[in-house]
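Side chains are part of it too, since the values below use all heavy atoms of this structure and drop only hydrogens, waters and symmetry mates. We name chains A, B, ... by the order of the sequence lines, and we start the count at 1 in each one.
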Protein chains: 2
Amino acid sequence: MTIKGKSTSLDIAHLAGVSQPTVSRALRGHPSVNCETRERILGIARELNYKVDKNASNLRRQQSATLALLLFEDPTSDQSHINPFFLPMLGSITRACARHGQDLLISFQQLSDDWHADYGDSHKADGLILLGYGDYLAYQGKLRTLVEQGTQFVRWGAVLPGQPGISIGCDNAGGGALVGAHLVDLGHRRIAFLGDASSRYPEFLDRWLGCESALHTRGLPMERALQVDAESAEESGHAAATELLRRGLPFDAVFAASDLIAIGAMRAFAEHGLRMPDDIAIAGFDDIPAARMTTPALTTVVQDTLTAGELLVDTLMKLVIGEPAESLRMPTSLVVRESTARR
Amino acid sequence: MTIKGKSTSLDIAHLAGVSQPTVSRALRGHPSVNCETRERILGIARELNYKVDKNASNLRRQQSATLALLLFEDPTSDQSHINPFFLPMLGSITRACARHGQDLLISFQQLSDDWHADYGDSHKADGLILLGYGDYLAYQGKLRTLVEQGTQFVRWGAVLPGQPGISIGCDNAGGGALVGAHLVDLGHRRIAFLGDASSRYPEFLDRWLGCESALHTRGLPMERALQVDAESAEESGHAAATELLRRGLPFDAVFAASDLIAIGAMRAFAEHGLRMPDDIAIAGFDDIPAARMTTPALTTVVQDTLTAGELLVDTLMKLVIGEPAESLRMPTSLVVRESTARR
DNA sequence: CTGAAAGCGCTTACAG
DNA sequence: CTGAAAGCGCTTACAG
């Protein structure tokens, strides 16, 4: 049996000998529909391979049953690279959306784009998930606009007091402290930091602060002279490590604010004939797949990206249906590999 | 000025003192609208932050302005892993969709799911992009159903004669030949192959066949006894390499059907105290980011995933608007790294 | 338990 | 160049 064109609820109504609204009710499992009638209708629907037209349904219900995932890219990164850190999160987000009966739109945005306009206002999506690193100062204004417009959203990133909207992120300071404690316990004393530890990159800043507090507890300082700005990209890490070496100050360990930075830095150190971990210990943050491939394998901080993805969706759905929701910081843990070792 | 609730074209019509259809025309740049009127309307629309309601528009036009990207996962892979090979493709697909004014839905599917039903029939998407590796025999039936249902789709994968629908893939045989020629030219004679080289995995089969033909040209055989099945996953590569060693047959080089397989195999070889490339040369396929991180860095075949993503979208759009489109094989090239060297 | 009616916000012939 | 009318395929009060 071949059906030309899509069938509608009216087609089914005719075949079942009922009215079209009854078909609609039966299909959505409305309890008022007679059991026998319902079965007949469902049978016909299955036979015709009928699916409710989403556009009509959404228009009528004034919703979209869709969430949008906006990945914004660092302007610095070349156009092909998403931070691999986000990949498992993408997987768990799509699965969580499916579980909630939501479709997921995905889009890459520049920090400069006009997000809300494109999604909220046009009824394309009921809520937004924001992923990606970028200058937080530029970002914050956008978030404020979203809040003002009443757009529902959650973002992955640093959880800061008084920030607009809801954020879910990892305990960056806690992760930084784990690294600091680990390095000091191994006997390292002069720890360099590669990453932009300013309020423009609050996640990096928290990692720095966490590390600093761990050192402080142990009677050691984090020296600003050993900190070099870097964004989360390999090239940026390579440049930062090169700059660090150029400064000529002594250091015995490096805490890279992300694995991508660490990988670039390792390449720079290797180019300068430095052995790791013998000459320099190095640790990263994120535990991207490449972290276990490097030589030596990279000690790093793990975030539970799978749970994070679910949490992002669950939280957004609460907002969408009007329930209260809260920002949240997730615990981190340290994976010790070969790039750090006792002095 | 705060507007409660979204504004509609009727609101604009009232404010502009014209009819609602005129607003609709002006907004879409219909040439019949008076210039001055158009400007007035556009100004008001901007002020109200008006966006056309996608559900209403799509319902009326009987389209969706949306493509769906279905990533299906190997049942073997753990739930968090997308082949990193697809990541840059994902990026270029989203960008190409934006260029075509299409939204992109993304979903992870099991090979067992009922794709077409969920997307085509419910008007969620005008066309489907299928990504992912899996048993082609199971897959083929699905493709046939899609064709029968009149669903528009393109898939990334082996381009085979007489296959249902349109496929875009790389020249797997050509890539295999590059590897075969390279290994033989380096002086290798007994080349093992890790990967399921059967019609269930036509891409792997083509890579095998290409390698075989390159060897044949040089008067050498590919030995089936040196072939071990593997799916594109690290664990599978590790198991296959272990099995290969267990067989105890001599071999001096390995062609892994994908980088993930190669990476798993390298770990197995290292565990057995084999040095690469001194004891065994190894080459992969895909050039995932991790390929340059391994020790030794992996020689592999590069596919132009960025162009591939664009091509997938461009081709699908042709199908959606009813233009003719064709399957296509893209060229490959070899990146020689340290994992292969002269004997 | 079921039907007739209205309406979600657009687009598109059809008149003028 | 512009408006009045119809209709896309649903869902949801409102009657009965």
Side-chain angles (χ1 to χ4, degrees), chain A residues 3-42 44-45 48-66 101 103 120-126, chain B residues 3-42 44-45 48-66 101 103 120-126:
Chain A
I3 310 297
K4 250 291 149 283
K6 309 297 181 193
S7 45
T8 70
S9 56
L10 197 60
D11 298 335
I12 298 177
H14 288 149
L15 290 168
V18 297
S19 74
Q20 182 270 326
T22 299
V23 173
S24 174
R25 292 192 194 98
L27 257 25
R28 282 173 305 113
H30 193 100
S32 74
V33 178
N34 179 291
C35 221
E36 196 186 319
T37 315
R38 185 208 318 289
E39 286 313 315
R40 187 153 34 95
I41 290 173
L42 291 181
I44 296 172
L48 295 190
N49 217 317
Y50 170 82
K51 296 287 161 191
V52 172
D53 184 304
K54 277 299 166 193
N55 291 133
S57 166
N58 289 338
L59 172 60
R60 182 53 232 257
R61 308 169 88 141
Q62 293 292 85
Q63 55 155 43
S64 69
T66 301
D103 285 324
D121 297 348
S122 63
H123 289 256
K124 282 181 185 175
D126 299 329
Chain B
I3 310 296
K4 249 290 150 275
K6 312 297 181 193
S7 45
T8 71
S9 56
L10 198 59
D11 297 337
I12 298 178
H14 288 149
L15 289 168
V18 296
S19 73
Q20 182 271 325
T22 298
V23 174
S24 176
R25 291 192 194 97
L27 257 24
R28 282 173 304 113
H30 193 100
S32 74
V33 179
N34 178 293
C35 224
E36 196 187 320
T37 315
R38 184 207 319 288
E39 287 312 317
R40 187 152 35 93
I41 291 172
L42 291 182
I44 295 171
L48 296 189
N49 217 317
Y50 170 81
K51 297 288 162 190
V52 173
D53 185 305
K54 276 300 167 193
N55 291 133
S57 166
N58 289 337
L59 172 59
R60 181 52 232 259
R61 308 169 87 140
Q62 292 294 82
Q63 55 155 40
S64 69
T66 301
D103 284 324
D121 296 349
S122 62
H123 288 256
K124 281 182 187 175
D126 299 328

S.K.: In this structure, how many angstroms lie between the P atom of C/dA6 and the CG atom of A/Leu59, rounded?
M.R.: 18 Å

S.K.: Mark yes or no for whether B/Ser32, through its side chain, and B/His30, through its backbone, hold a donor-acceptor pair below 3.5 Å.
M.R.: no

S.K.: If the cut-off is 4.0 Å, is B/Thr22 near the phosphate of D/dG3, judged by side-chain N/O to OP1 or OP2?
M.R.: yes

S.K.: Tell me the partner of D/dA13, counting only Watson-Crick (N1-N3 plus N6-O4 or O6-N4) or G-U wobble (N1-O2 and O6-N3) with both under 3.5 Å; none if nothing fits.
M.R.: none

S.K.: Can you give me the closest heavy-atom contact between A/Leu59 and A/Gln62, atom names plus distance?
M.R.: O-OE1, 2.8 Å

S.K.: Would you say B/Gln62 reaches D/dG9's phosphate, i.e. side-chain N/O to OP1/OP2 under 4.0 Å?
M.R.: yes

S.K.: What is the distance, rounded to the nearest whole Å, between atom NZ of B/Lys124 and atom C1' of D/dG9?
M.R.: 16 Å

S.K.: Provide the closest heavy-atom pair for A/Arg38 versus A/Val33 in the form atom of the first, atom of the second, distance.
M.R.: NH2-O, 3.3 Å

S.K.: Please state how far atom CD in B/Gln63 lies from atom P in C/dG9, giving the value in whole angstrom units.
M.R.: 19 Å

S.K.: For the residue pair B/Asp103 and A/Lys124, what are the closest heavy atoms and their distance?
M.R.: OD2-CE, 3.0 Å

S.K.: May I have the distance from B/Asp11 (atom CG) to C/dG9 (atom P), rounded to whole angstrom?
M.R.: 9 Å

S.K.: Would you mind reading off the distance between A/Asn34 atom CG and C/dG3 atom C1', rounded to a whole angstrom?
M.R.: 15 Å

S.K.: Show me the donor-acceptor pairs within less than 3.5 Å that the side chains of residues 9-18 of chain B make with the rest of the protein, sequence neighbours left out.
M.R.:
residue: B/Ser9; atom: OG; partner: B/Gln20; partner atom: NE2; Å: 3.0
residue: B/Asp11; atom: OD2; partner: B/Thr8; partner atom: N; Å: 2.9

S.K.: Find the partner of C/dA4: check Watson-Crick (N1-N3 plus N6-O4 or O6-N4) and G-U wobble (N1-O2, O6-N3) distances, both under 3.5 Å, and reply none if neither fits.
M.R.: none

S.K.: Would you indicate which nucleotide in D/dC10, C/dC10, C/dC1 comes nearest to any side-chain atom of A/Val52?
M.R.: D/dC10

S.K.: To the nearest Å, how far apart are A/Leu10 CG and D/dC10 P?
M.R.: 9 Å

S.K.: Whole angstroms only, please: what is the NZ-C1' distance between B/Lys54 and C/dC8?
M.R.: 17 Å

S.K.: Measure NZ/A/Lys51 against C1'/D/dG9 and give the value in whole Å, please.
M.R.: 17 Å

S.K.: Quick check on D/dG3: is either OP1 or OP2 less than 4.0 Å from any side-chain nitrogen or oxygen of B/Ser19?
M.R.: yes

S.K.: Apply side chain to side chain contact (heavy atoms under 4.5 Å, CB included) to A/Leu27 and A/Leu42, showing your working.
M.R.: CA-CA 7 Å; A/Leu27 257 25; A/Leu42 291 181; 3.7 Å; yes

S.K.: When you measure from the side-chain N and O atoms of B/Tyr50 to the phosphate of C/dC10, is any distance below 4.0 Å, counting only OP1 and OP2?
M.R.: yes

S.K.: When you measure from the side chain of B/Asp126 to the backbone N and O of B/Ser64, does any donor-acceptor pair fall under 3.5 Å?
M.R.: yes

S.K.: Ignoring backbone atoms, establish whether B/Ser57 has a side-chain N or O less than 4.0 Å from OP1 or OP2 of C/dC10.
M.R.: no

S.K.: Hey, what are the protein-to-nucleotides 12-16 of chain D N/O distances that come in under 3.5 Å?
M.R.:
residue: D/dT12; atom: OP2; partner: A/Arg28; partner atom: NH1; Å: 3.2
residue: D/dT12; atom: O4'; partner: A/Arg60; partner atom: NH2; Å: 3.0
residue: D/dA13; atom: N6; partner: A/Arg25; partner atom: NH2; Å: 2.8

S.K.: Under 4.0 Å between any heavy atoms, over every strand shown, what does B/Ser32 touch: base, sugar-phosphate, or nothing? Just pick one.
M.R.: base

